[in-house]
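Heads up: the structure comes next, in structure tokens.
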Amino acid sequence: MCSMDNKTLNDAEKLYNKEQFDQALKLYLQVLNDVEEKDKVNILRRIAECYIYEDQPDVDNALKYEEMVLEKIKNDEKSYLKEKMFYATILAEKDEKKALDIFNELEKIISEKYPELLPELYNNMGLLLWNDKKA
């Protein structure tokens, strides 16, 4: 990555940390194709976050970039499961039932293999149900 891209990425991070997601998003998209492969997962995740956290959330684009993250980490089961929670959280903005189905699937796997992830899973499920006034 050239120094220009490094500066742009640093600027994007600063904007992201200030919750200026619309502006950060433009910079992340600008550097995405120029970053090293090892950095792409983090940039793709930031892009998904920016799309969902911006003033006018773009759920479809957030899901699209989160699907790219999932594809890149599919061989790391624990990371994949954690990331799938975030994916389901985004999906809930569009289709609560599908999101809850994903959370229920994750619960089966996580409770068996990675019980340390259960608090995070239940927190996310609880927020979804609370927002739906079911909790």
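Given the structure is predicted, the values throughout are model-derived calculations rather than measurements. In what follows, residues are counted from 1 in the order of the sequence shown.
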- Task: I would like to know whether Tyr114 and Glu77 meet side-chain contact (heavy atoms from CB on, under 4.5 Å); could you show each step before the answer?
- Result: CA-CA 10 Å; Tyr114 305 102; Glu77 185 179 46; 2.9 Å; yes
Give the minimum heavy-atom separation between [X] and [Y], together with the two atoms involved.
{"X": "Ala88", "Y": "Ala99", "value": "O-CB, 3.2 Å"}
{"X": "Ala48", "Y": "Phe86", "value": "CB-CE2, 4.5 Å"}
{"X": "Tyr16", "Y": "Cys50", "value": "CD1-SG, 3.9 Å"}
{"X": "Ser79", "Y": "Ile73", "value": "O-CD1, 3.6 Å"}
{"X": "Val69", "Y": "Leu44", "value": "CG2-CB, 3.4 Å"}

Between atom [atom1] of [X] and atom [atom2] of [Y], what is the distance when rounded to the nearest 0.5 Å?
{"X": "Ile47", "Y": "Ile52", "atom1": "CD1", "atom2": "CD1", "value": "14.5 Å"}
{"X": "Leu32", "Y": "Thr8", "atom1": "CG", "atom2": "OG1", "value": "13.0 Å"}
{"X": "Leu106", "Y": "Tyr87", "atom1": "CG", "atom2": "OH", "value": "11.5 Å"}
{"X": "Leu128", "Y": "Glu93", "atom1": "CG", "atom2": "CD", "value": "9.0 Å"}
{"X": "Asn124", "Y": "Ile102", "atom1": "CG", "atom2": "CD1", "value": "12.0 Å"}
{"X": "Asp39", "Y": "Leu9", "atom1": "CG", "atom2": "CG", "value": "7.5 Å"}

- Atom NZ of Lys40 with >12 non-hydrogen neighbours under 6.0 angstrom: yes
- Glu116 CD: over 12 foreign heavy atoms closer than 6.0 Å: yes
- Query: Would you say the side-chain atoms of Asn104 pair up with the backbone N or O of Leu100, donor to acceptor, closer than 3.5 Å?
  - Reply: yes
- Task: Show your reasoning for whether side-chain hydrogen bond (donor to acceptor under 3.5 Å, both in side chains) applies to Glu49 and Tyr65.
- Result: CA-CA 9 Å; Glu49 290 171 345; Tyr65 282 92; over 6 Å; no
- Message: Applying side-chain contact (heavy atoms from CB on, under 4.5 Å) to Asp76 and Lys78, what does each step give before you reach the verdict?
- Response: CA-CA 6 Å; Asp76 178 353; Lys78 188 174 181 181; 4.3 Å; yes
- Task: Check the pair Glu66 / Tyr51 against side-chain hydrogen bond (donor to acceptor under 3.5 Å, both in side chains), numbers first and verdict last.
- Result: CA-CA 10 Å; Glu66 191 57 23; Tyr51 274 121; over 6 Å; no
- Message: I'd like to know if Lys64 pairs up with Asp60 as an ion pair, taking the criterion as any Lys NZ or Arg NE/NH1/NH2 lying under 4.0 Å from an Asp or Glu carboxylate oxygen.
- Response: no
- Short N-O contact, Lys7 and Asp11, less than 4.0 angstrom: yes
- Task: Sort out for me which residue in Glu67, Glu83, Glu37 forms a salt bridge (Lys or Arg N to Asp or Glu O under 4.0 Å) with Lys72.
- Result: Glu37
- Message: side-chain contact (heavy atoms from CB on, under 4.5 Å) for Arg46 and Phe21? Distances and angles first, verdict last.
- Response: CA-CA 9 Å; Arg46 285 289 206 224; Phe21 302 115; over 6 Å; no
- Item | ILVMFWY network linking Val59 to Met68, side-chain heavy atoms under 4.5 angstrom | yes
- Message: Hydrophobic clusters here meaning ILVMFWY residues chained together by side-chain heavy-atom distances under 4.5 Å, can you tell me if Leu29 and Leu15 are in one?
- Response: no
- Can you list the steps and then say if Ile110 with Met85 is a side-chain contact (heavy atoms from CB on, under 4.5 Å)? CA-CA 11 Å; Ile110 288 172; Met85 284 187 240; 3.8 Å; yes
